[in-house]
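Quick notes on the structure that follows.
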Amino acid sequence: MSESTNNIQKNVELVFSYIYKNRIIILSICSLIIIVIAGILLYKSNIEKKDLKVNSDFENALTLYALYQNNQIPTENATSILVDITTRFQKSYSEAKGKKLKSRIAYSLGNIYFDVANYTEAKKYYKEVANYRGFYLQEPATYNLATTLIQMTNYSEALTTLESFVKAYPNSYLNPQATLSLSDVYRKQNDKTKALGVLRNWINNNTNSVEYIPIFNETITLIENNIY
C-alpha cells in the first residue's frame with residue numbers, strides 16, 4: 001500500500017473518530033437546524049393561514065368599496081359606509097402578516113384616503129407601495145403618489161416622483177398622463193422651457209399615438225401662448 005493511500009486512510013479514520021467522539025454535539029446541531037427550519041416553515045404556514053382570513057375580510061371590504069366607487073350605494077348611507085370600509089381596511093392592514101397582502105391593503109387605503117382628500121394619509125400608503133420593488137402595484141402607486149403630492153402642492157417631491165416614473169415606465173399606459181402632469185408641474189414652477197420640452201420629447205418618441213398626440217399638441221399651443 002502506498003504512503004499516499006495510508007495517509008488518506010488515516011485521515012478518514014481521524015474524521016470518523018472525531019465524528020464518533022463528538023456525535024452528541026453533532027446530533028444536537030443537526031437537531032437544532034431541523035428545529036429552526038421546521039419553525040420557519042411552521043411560522044410561514046401560520047402566516048398563510050392567518051392571512052387567509054385577513055384576505056377574506058379585506059376582499060369583502062374591497063367589494064363594498066367598489067360599490068361605493070360605482071355609485072351603487074344610497075347617498076344617505078355613503079358617509080357611514082365609507083367610514084366602515086376605511087375601518088375594515090385599517091383592521092386588515094394591521095392584522096396582515098404577508099408583505100404582498102399588506103401592500104395590497106396599503107394601496108386601497110391610499111385610494112380611499114385620496115377619495116376623501118386626506119392627502120397626508122394617502123401619501124403615506126402610496127409611498128409604502130411605491131417603494132416595494134417588483135410589486136405589481138408599484139407602478140400605479142408611484143403615479144398616484146405623484147398625483148397626491150400635486151394635490152398637496154408639494155411640487156418639488158412631485159417633480160422627482162414624476163421624473164422617476166416616466167423613466168422607469170416608458171411603456172406604461174399611465175406614461176402619457178404622467179408626462180402631461182410633469183409638464184404641468186414644470187409650468188407651475190415657472191419653467192416653461194422644460195414644460196414644453198417634455199411634451200415635445202414625448203411626441204417624438206410616440207409618433208403613432210393617435211389618442212394622445214392631439215392632446216399634447218394642444219397643451220403645447222396653450223403653454224406657448226401663456227393661456228394654460
Side-chain angles (χ1 to χ4, degrees), residues 62 65-72 78 82 85-86 89 103-228:
L62 197 60
Y65 183 44
L67 293 175
Y68 169 82
Q69 288 183 309
N70 292 321
N71 299 314
Q72 295 179 11
L82 193 60
I85 294 167
T86 306
F89 278 174
S103 297
R104 282 184 63 217
I105 301 168
Y107 182 77
S108 296
L109 279 166
N111 289 340
I112 205 165
Y113 280 120
F114 186 90
D115 285 348
V116 298
N118 187 340
Y119 300 124
T120 301
E121 287 298 298
K123 173 189 173 183
K124 179 177 75 174
Y125 289 110
Y126 282 143
K127 199 164 192 174
E128 178 182 332
V129 184
N131 289 335
Y132 186 177
R133 285 182 176 273
F135 188 55
Y136 78 102
L137 290 171
Q138 183 183 24
E139 178 185 325
T142 305
Y143 174 78
N144 290 351
L145 172 61
T147 304
T148 303
L149 292 166
I150 291 170
Q151 292 294 327
M152 298 173 76
T153 65
N154 185 347
Y155 297 131
S156 176
E157 197 174 345
L159 191 66
T160 303
T161 305
L162 286 167
E163 286 175 338
S164 298
F165 182 90
V166 296
K167 288 179 183 177
Y169 305 104
N171 300 317
S172 169
Y173 72 98
L174 291 168
N175 186 279
Q177 190 57 53
T179 305
L180 288 166
S181 296
L182 178 59
S183 173
D184 190 44
V185 173
Y186 280 133
R187 184 185 62 80
K188 285 174 178 174
Q189 292 192 317
N190 299 313
D191 195 333
K192 187 174 177 179
T193 302
K194 285 187 176 180
L196 291 168
V198 292
L199 297 176
R200 288 172 176 147
N201 184 60
W202 190 93
I203 291 173
N204 290 337
N205 292 327
N206 298 274
T207 54
N208 295 322
S209 179
V210 177
E211 180 183 359
Y212 279 100
I213 285 181
I215 298 172
F216 274 66
N217 283 328
E218 182 182 358
T219 305
I220 288 170
T221 301
L222 292 171
I223 295 172
E224 285 177 333
N225 291 284
N226 298 315
I227 298 171
Y228 181 63

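The basis for the numbers below is simple: all heavy atoms, side chains too, and nothing from hydrogens, waters or symmetry mates.
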So, for [X] and [Y], which heavy atoms are closest and what is the spacing to 0.1 Å?
{"X": "S108", "Y": "F89", "answer": "CB-CE1, 3.7 Å"}
{"X": "A195", "Y": "S183", "answer": "O-OG, 2.7 Å"}
{"X": "L137", "Y": "V129", "answer": "O-CG1, 3.7 Å"}
{"X": "A158", "Y": "A146", "answer": "CB-O, 4.0 Å"}
{"X": "L145", "Y": "A130", "answer": "CD2-CB, 4.3 Å"}
{"X": "Y125", "Y": "G110", "answer": "CB-N, 3.8 Å"}

Inset, instruction - Take Y143 and Q177, measure what side-chain contact (heavy atoms from CB on, under 4.5 Å) needs, and give me the verdict at the end. - result: CA-CA 9 Å; Y143 174 78; Q177 190 57 53; 2.8 Å; yes
Inset, instruction - Check whether the side chains of E157 and N154 place a donor and an acceptor atom closer than 3.5 Å, and report yes or no. - result: yes
So, taking the atom named [atom1] in [X] and the one named [atom2] in [Y], what distance separates them when rounded to the nearest 0.5 Å?
{"X": "I220", "Y": "N225", "atom1": "CD1", "atom2": "CG", "result": "12.0 Å"}
{"X": "L109", "Y": "Y65", "atom1": "CG", "atom2": "OH", "result": "9.5 Å"}
{"X": "L149", "Y": "L159", "atom1": "CG", "atom2": "CG", "result": "11.0 Å"}
{"X": "L162", "Y": "T179", "atom1": "CG", "atom2": "OG1", "result": "8.5 Å"}
{"X": "T161", "Y": "N144", "atom1": "OG1", "atom2": "CG", "result": "11.5 Å"}
{"X": "T148", "Y": "K127", "atom1": "OG1", "atom2": "NZ", "result": "11.5 Å"}

Inset, instruction - Measure centre to centre between the rings of Y119 and F114, then say whether the value is under 6.0 Å. - result: yes
Any sub-3.5 Å donor-acceptor pair from [X]'s side-chain atoms to [Y]'s backbone N or O?
{"X": "Y169", "Y": "S164", "answer": "no"}
{"X": "T86", "Y": "L82", "answer": "yes"}
{"X": "D191", "Y": "K194", "answer": "yes"}
{"X": "D184", "Y": "L180", "answer": "no"}
{"X": "N204", "Y": "R200", "answer": "yes"}

Legend entry - All side-chain hydrogen bond (donor to acceptor under 3.5 Å, both in side chains) counterparts of Y132, not counting sequence neighbours: none
Inset, instruction - Report the residues that fulfil side-chain hydrogen bond (donor to acceptor under 3.5 Å, both in side chains) with E163, sequence neighbours left out, ordered by chain and then residue number. - result: Y186
Are [X] and [Y] close enough that some pair of their side-chain heavy atoms sits under 4.5 Å apart?
{"X": "E121", "Y": "I112", "value": "no"}
{"X": "T147", "Y": "Y126", "value": "no"}
{"X": "F135", "Y": "R104", "value": "yes"}

Inset, instruction - Kindly assign one of parallel, tilted or perpendicular to the pair W202 and F216, based on the angle between their ring planes and the thresholds 30° and 60°. - result: parallel
Legend entry - side-chain contact (heavy atoms from CB on, under 4.5 Å) between T153 and K188, intermediate numbers included: CA-CA 10 Å; T153 65; K188 285 174 178 174; over 6 Å; no
